[in-house]
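For ligands, and for the atoms within them, numbers begin at 1 and follow the listed sequence.
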Amino acid sequence: MHILSKSTYIKGEQCEKALYLFKNRPFLRDKLSMEQRAKFKRGTDVGLLAQQYFPGGLNMTPNSPSQFDKRFHETMQNLGNPAVNVMYEAVFQYDDTLIMLDIIVRDGDKWRAIEVKSSLSLSPTYYKDAALQYYVLKGCNVPLSDMQLMYINADYVRNGDLDLSQLFVFQSVMEYAEKYQDVISRNITHFKEVIKQPHSPKIPVGNQCDSPYRCEFHGHCWKDMPNESDKPYTIDYKSLYSLIGDKNQSTAFLNLLFYRPAVPLFDGDKPYTEFIIGFSILSNNGNFDRIYNWDCLDELSRWKESLPLLNEQLQGFERVVCFAPQNITASLQRFNLMESKDLNYKILNLKDILEQSEFHHEKVKSDFSLKNVYESVFTGKNLFEHSRIILNALSGNEVEEQLVGSDMELENKALRDIYFHLVR
Ligand code: SF4
């Protein structure tokens, strides 16, 4: 039975209290955010494609935690079996630490160990993860030809069928991992001691709570801190009004649903190319709301239909208000949407405007999202995370896809309420 795993080891490196709580008081964890779920899903999709790069492997994924020991012994047997050349999620244990390696491939009389990342570049955290895996593999006496990170090639352009040999790139981390082995050995010994203590380590909250990952014990550790989120928001109204301009102009609220797939879906696209898969427009016509919704969830290749429809629906408005993390005007210009002579509206990204007007509240410190701005402005009210819409949109499940339109409307109404509340 193992005591540590890759994820608990990483927790320990971030904060020993997080490691202790995870092992001894797991029920104190926060609920998984939608954003985290979306990230896990992206990682899984890329992981499955990476397996196709090395086809015909044995999948060693245990069906339940009780199978870890069994899978470990099978993995070790397979290493000695000449009929086995590739394994996915092979299980290794050493020094009471368990890892599941994404891919291991026979390479002559040795093995090539591969950890898959769905990102376009490699962070120091990825190197540390790989160093831990190398430590366990070495402890299991696996003869390694290399230890590599496999990640997405930012320059790949799709042309016809996916070319996995171009989509992925490899970086050897064996030299780095070798240098880091003593540190890992010491950390593991120390972390095992931490877990056995009768009480959680006395560690005050600090920067480590959000770096490199948001800690899942936030709610527990921060609950006794003075509750800054009870204080009202502050804003420089003078800047706000000068940025907003004439508030009597005819206004539409636009909620755009962008999708940035790690793996390009269409010819000419690179990894993480952004495109519009849905939108919702809200305007007020006298006494009632006018709502126009569109999406292409049934067939993503129809996404370009969004552009003429947006043009048509936004004509006649003097300003269009949206809330987006990206430079929305640049995004729309990329689709030549702003080039149309018929359009004379001005796009206002309320996120940029609020940031430039020094909008402050405890809630927006970690994430300046529509949800957090809404909950700062309207104390006691709640809004869901935008990732909920993305997850439902890409679920492949008809019932969940049907929630997308109404959720986009709700977000748009929240945007409208914030806007009119601030510029009243
Ligand atoms: S919230 Fe902060 S102090 Fe508490 S366990 Fe997590 S990282 Fe440690």
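- Checking side-chain atoms of Tyr88 against main-chain N and O of Phe54 turns up a donor-acceptor pair under 3.5 Å.
- Considering every non-hydrogen atom in both Pro264 and Lys270, the closest pair reads CB-O, 3.7 Å.
- Within the cation-pi definition used here (under 6.0 Å to the ring centroid, within 45° of the axis), Lys11 qualifies as a partner of Phe22.
- Taking the ring centre of Phe92 as origin, the terminal cationic atom of Arg71 falls outside the region bounded by 6.0 Å and 45° from the ring axis.
- Atoms of the protein (N, O or S only) found under 2.8 Å from atom 4 (Fe) of ligand 1 are Cys221 SG.
- Within the cation-pi definition used here (under 6.0 Å to the ring centroid, within 45° of the axis), Lys381 qualifies as a partner of Phe378.
- For the pair Arg388 and Phe384, the distance from NZ or CZ to the six-membered ring centre is under 6.0 Å and the angle to the ring normal is within 45 degrees.
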